[in-house]
Amino acid sequence: MERLDKVISATGKKSRREVKELVRQGRIYVDGKAASSADMKVDPDQSEILLDGVSIGYEKFTYIMLHKPAGVLSAVEDKRQKTVLDLLPEELQRRGLSPVGRLDKDTEGLLILTNDGELTHRLLSPKHHVDKVYYARVEGCLEKTDCHAFAQGMTLGDGLECMPAGLEILSPHEALVTLQEGKYHQVKRMLAARGKPVIYLKRLSMGTLRLDESLHPGEFRVLTREEIESLRG
Ligand code: URA
């Protein structure tokens, strides 16, 4: 059982303070009766909760696909710099969403935001072997030997041990990199260790979810039920 104001504010439609006022005005009904108080206990999965006669549309979790632009931090908040949460409308900002893994400030591409901790863990834990695919543009010329090094699992000069990874060369300066883990600056560090520093990086997919190319950098959409089920595996 959860507090009524918590359940309604989780939909992002009304803040807790607004719920209090709506209850006072008699505009919220729970299972056919006017709500008695904002802190009354309801079962969000069972109770019928209506605002002005319309279901509040409670969903336990929210899943967003963001085309992260360069120049924003993969963080929930920051005192000085713009974060990915700042790209969402206020209604979604109130839902306790976090990015599923971080992209560097200058990296673009697919970023999932959710408040479903179980799915976040499934997508990030190397144990689950979820592929993350990146498009990278580099300085220097990529060679077959780089692919072999990636496939074998590299240990970098600073001691970072990397699991076997995919490197598919698209042109001398472009490649697709596939990782099943996400250590700090990992793609950049692996390619730099091969003498091919990254000059542009974009994440294209995470598990079964591909970046929707109709989204411009900075745009987002809610995941479909099928996409969510498929990510859960
Ligand atoms: N690897 C990187 O180096 N940067 C990212 O943003 C993601 C993966």
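We count ligands from 1, going down the list as the structure has it; atoms in each ligand are counted the same way. Nothing fancy with the numbering, it's 1 onward along the sequence. Computed over heavy atoms, backbone and side chain alike; hydrogens, waters and symmetry mates excluded.
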Start with the C-alpha distance between E139 and R194, add both sets of side-chain angles, then the distance that settles salt bridge (Lys or Arg N to Asp or Glu O under 4.0 Å), and finish with yes or no.
CA-CA 11 Å; E139 270 171 23; R194 300 294 307 167; over 6 Å; no
Using the rule given for salt bridge (Lys or Arg N to Asp or Glu O under 4.0 Å), can you reason through R95 versus E59, listing the C-alpha separation, both sets of side-chain angles and the distance that settles it, and then say yes or no?
CA-CA 11 Å; R95 297 194 197 185; E59 300 267 2; over 6 Å; no
Decide salt bridge (Lys or Arg N to Asp or Glu O under 4.0 Å) for D106 and K188; before the verdict, give the C-alpha distance in whole Å, the side-chain angles of both, and the deciding distance to 0.1 Å.
CA-CA 11 Å; D106 61 353; K188 291 176 186 166; 2.7 Å; yes
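Of the N or O atoms in R102, none lie within a sub-3.5 Å distance of an N or O in ligand 1. Considering backbone and side-chain atoms alike, D104 places an N or O below 3.5 Å from some N or O of ligand 1. At least one N or O atom of H185, backbone or side chain, sits closer than 3.5 Å to an N or O atom of ligand 1. The N/O atoms of L201, backbone and side chain alike, include none that comes under 3.5 Å of an N/O atom in ligand 1.
Closest approach of A10 to Y58, counting heavy atoms only: CB-CE1, 4.3 Å.
Here the protein heavy atom with the shortest distance to atom 1 (N) of ligand 1 is V187 N, 3.1 Å.
Atoms of ligand 1 lying under 4.0 Å from any heavy atom of T107, numbered from 1 in the order shown and given with element: 4 (N), 5 (C), 6 (O).
When hydrophobic clusters are built by joining Ile, Leu, Val, Met, Phe, Trp and Tyr residues whose side-chain heavy atoms come closer than 4.5 Å, directly or via intermediates, L170 is not grouped with I199.
Checking L97, L73, L103, L66 one by one against V84, the side-chain contact (heavy atoms from CB on, under 4.5 Å) holds for a single residue, L66.
Using a 4.0 Å heavy-atom cutoff, Y134 is listed among the residues neighbouring ligand 1.
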